[in-house]
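Letters A, B, ... mirror the listed sequences (proteins, then strands); counts begin at 1. Not measured: the values here are computed from a predicted model.
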Amino acid sequence: MEYVNPLTGFRVDGRRPNEMRQLKGEVGVVARADGSALFEMGNTRVIAAVYGPREIQNRGQQVNSNEALVRCEYRMAEFSTGDRRRKPKGDRRSTEISLVIRQTMEASILTHLMPRSQIDIFVQVLQADGGTRSACINAATLALADAGIPMRDIVTSCSAGYLCSTPLLDLNYIEDSAGGPDVTVGILTKMDKVTLLQMDAKLPMDTFENVMELAIEGCKAIATYIREVLLENTKRLECQRG
Amino acid sequence: MKGLHLSLNQTQRVRLDTALQELQSLAPAAASAAAVTVADTIPVNQEDNILKGHGTVDQDGEVVATLCGVVERVNKLVYVRTLQARYKPEVGDIIVGRVIEIAPKRWRLEINFSQDAVLMLSSMNLPDGIQRRRTAVDELNMRGIFVENDVICAEVRGFQHDGSLHLQARSEKYGKLERGQLLTVPPYLVKRKKQHFHHLMQYNVDLILGCNGFIWVGEHVVVGEKTKTTGDQQKSSTEAENFTPLETRKHICRLANAVRVLSALGFTLTVELIIETAEASASSNVEINDMLGAEFYVQTAEREAKRRADLLRKKNGAR
């Protein structure tokens with residue numbers, strides 16, 4: 001199948017190879033949560049809710065009493081995919097993604113400022129169209145910032161792939177299931193540090209560099225958007241407070 | 001209670017937008033200029049050695065925000081004041097909390113902080129009002145004072161060296177709150193003032209604005225009345241005490257709904273504003289349940305915009 005049109009250079013959904021899908025972010029969508037966010041990347045739509053910092057519920061999980069415990073739960077809604085299928089709660093894929101998100105967010109949260117407490121992050125995929133992992137991380141960042149949890153930096157994530165000898169940014173479901181290499185990158189934008197790098201295929205070194213470069217560009221674009229959303233929200237709250 | 005589920009019609013939406021726009025234009029330009037998000041660099045003059053306060057870190061010689069909020073500068077200190085966040089206790093704050101657990105010699109309270117607060121049996125007045133050492137009998141009778149899910153008003157005593165937060169209730173005005181409503185709002189909407197207990201005479205209602213964003217609206221209780229009732233009197237008086245007149249209940253609901261609307265709009269909660277909103281609803285014949293509807297929401301926003309515009313005009317006129 002042609003994933004990139006050889007004549008026009010456009011992708012299946014009409015994007016250019018280095019073009020991202022439409023972004024949309026909204027904070028404060030869950031009433032009872034301390035922080036919450038809805039994040040959309042094209043047709044991928046994710047909701048994140050943050051509870052905490054709050055008292056540790058299960059003391060057994062506490063590793064270090066001088067740091068906050070970060071927990072994360074990733075779930076896909078049954079209606080999120082094309083074929084409606086009930087997935088068991090603790091399947092391997094979601095356990096793995098929960099762990100990935102937790103580790104990525106933990107890298108940026110200043111846990112030592114909130115001793116003897118825990119932070120719960122719940123992310124749920126409402127609509128899956130490829131790149132749910134990245135969308136979840138972006139949503140979690142927004143929700144954590146909304147909850148007023150101190151962070152080192154804004155973590156953003158974006159995926160990139162390599163199909164038809166072209167590096168492609170932000171793969172959608174069709175491109176994702178093509179079986180080509182898929183690189184998910186998560187970076188701390190200001191510090192320029194990588195906190196997440198996943199690839200489940202082989203790529204030549206120089207191609208990989210190009211693909212990764214593209215993904216990092218994507219992350220930076222998302223970070224700019226996320227900051228805009230947060231700044232606007234902060235200004236609105238401050239103005240209304242009077 | 002971050003927002004109400006409202007279905008605004010076209011005109012209401014336009015009116016709300018204009019009112020919010022006006023509020024935005026009325027706010028001092030400095031306020032929106034000082035807003036920062038996570039990982040924004042805070043411009044500082046490097047020559048004068050500044051002090052980095054809450055919500056800031058040093059990254060390669062730059063002062064960087066770690067929170068979303070507003071930059072505040074006090075002499076040399078630079079810090080970020082958060083808006084949407086959990087409560088940060090300060091010694092002496094008056095708070096309202098809910099008992100979640102009874103532990104040996106102490107109650108644990110949920111107060112919207114990152115940990116549960118602790119109220120020691122020894123740091124509160126006993127119901128009989130006598131100062132004495134707490135015995136094992138007192139400890140067994142702890143459920144006679146507060147049980148789980150009771151709403152309590154207390155004062156922040158301070159952090160113990162193990163990092164836990166301790167409360168105290170050494171006055172008649174602190175203690176169990178009954179016959180009223182507890183409302184939870186974001187703590188940034190409650191400003192620290194000299195007075196957090198308010199007796200609204202005209203309604204016979206007590207209003208407690210807890211610094212932790214827990215707000216109590218309840219029937220007025222006369223301080224020290226409970227201790228006077230003894231013996232035979234007790235039975236008849238408890239019957240009378242358990243009854244709250246309908247009129248008072250309505251007032252409580254009206255004030256509570258006023259708080260709900262104001263917090264959904266994100267306005268700073270002051271007694272004056274709460275009373276004003278409740279009065280406005282009463283005078284314009286808005287039913288208590290309609291106060292949470294779209295129309296009153298928009299009206300409140302408009303009224304606040306007008307009020308702030310008047311204030312600003314007065315201030316400019318005085319100059």
Q) So, the side chain of A:T234 versus the backbone of B:G69: is there a donor-acceptor pair under 3.5 Å, distance only? A) no
Q: Select one option (side chain, backbone, both, neither) describing which atoms of A:P115 are under 4.5 Å from chain B's heavy atoms.
A: backbone
Q: To the nearest 0.5 angstrom, please state how far the CG atom of A:L230 sits from the CG atom of B:L67.
A: 11.5 Å
Q.
Looking at every non-hydrogen atom in both residues, tell me the closest pair between A:D153 and B:A39 and how far apart they are.
A. OD1-CB, 3.2 Å
**Q.** Best-contacting candidate, B:A27, B:S164, B:A305, B:G266, against chain A by heavy atom pairs under 4.5 angstrom
**A.** B:G266
Q | Toward chain B, the part of A:I154 with a non-hydrogen atom under 4.5 Å | A | both
Q. Does atom CD of A:E78 have more than 12 heavy-atom neighbours, drawn from other residues, nucleotides or ligands, at distances under 6.0 Å?
A. yes
Q: Pick whichever of A:S108, A:P53, A:G148 has the most heavy-atom pairs under 4.5 Å with chain B.
A: A:P53
Q. Can you tell me how far SG of A:C239 sits from CD of B:E22, rounded to the nearest 0.5 angstrom?
A. 13.0 Å
(Q) Under 4.5 Å from any heavy atom of chain B, what part of A:A147 do you find: side chain, backbone, both or neither? (A) backbone
Q. Hey, is CZ on A:R16 packed in by over 12 heavy atoms from elsewhere, all under 6.0 Å?
A. no
Q: Let me know if B:Y188 has heavy atoms under 4.5 Å from chain A in its side chain, its backbone, both or neither.
A: both
Q | Residue part contacting chain A, namely of B:D60, when any heavy atom lies under 4.5 Å | A | neither
Q.
Would you say CG of A:D192 has more than 12 non-hydrogen atoms from neighbouring residues, nucleotides or ligands within 6.0 angstrom?
A. yes
Q. In terms of heavy-atom proximity below 4.5 Å to chain A, should B:K88 be classed as side chain, backbone, both, or neither?
A. neither
Q: Calculate, to the nearest 0.5 Å, the distance between atoms CG and CG belonging to B:L83 and A:D146 respectively.
A: 10.5 Å
Q: With a 4.5 Å cut-off on heavy-atom pairs, point out which of B:L26, B:V80, B:T66, B:L269 contacts chain A the most.
A: B:T66
Q. Does atom CD of B:E72 have more than 12 heavy-atom neighbours from other groups under 6.0 Å away?
A. yes
Output a table of donor-acceptor pairs, distance under 3.5 Å, between side-chain atoms of residues 101-111 of chain B and any protein atom two or more places apart or on a different chain; print 'none' if there are none.
from: B:R106; atom 1: NE; to: B:P104; atom 2: O; distance (Å): 3.2
from: B:W107; atom 1: NE1; to: B:F146; atom 2: O; distance (Å): 3.3
from: B:E110; atom 1: OE2; to: B:N112; atom 2: N; distance (Å): 3.0

Q: Name the region of B:Q115, side chain, backbone, both or neither, that has any atom closer than 4.5 Å to a heavy atom of chain A.
A: both
Q) Where does B:E62 contact chain A at under 4.5 Å (heavy atoms): side chain, backbone, both or neither? A) side chain
Q) Just by modelled atom types, is the A:R54 backbone N or O under 3.5 Å from a matching donor or acceptor in the B:R86 side chain? A) no
Q: Please round to the nearest 0.5 Å and tell me the distance separating atom OG1 of B:T37 and atom CD of A:E228.
A: 10.5 Å
**Q.** Portion of B:T41 that has a non-hydrogen atom of chain A nearer than 4.5 angstrom
**A.** both
Q. What part of A:M151 is in contact with chain B, defined as an atom under 4.5 angstrom from a non-hydrogen atom: side chain, backbone, both or neither?
A. both
Q.
Return the OG to CD1 distance between B:S114 and A:I119, rounded to the nearest 0.5 Å.
A. 9.0 Å
Q: With a 4.5 angstrom heavy-atom cut-off, could you sort out which part of B:V64 is near chain A: side chain, backbone, both or neither?
A: side chain
Q: Might you confirm whether atom NE2 of B:H166 has over 12 heavy atoms from other residues, nucleotides or ligands at distances under 6.0 Å?
A: yes
Q.
Test side-chain contact (heavy atoms from CB on, under 4.5 Å) on B:L20 and A:R236; report intermediate values, then the result.
A. CA-CA 9 Å; B:L20 293 181; A:R236 186 179 57 82; over 6 Å; no
Q. Between A:K190, A:R241, A:R227, A:K235, which shows the greatest number of heavy-atom pairs under 4.5 Å with chain B?
A. A:R241
Q) Measuring from B:L165:CG to A:R116:CZ, what's the distance to the nearest 0.5 Å? A) 10.0 Å
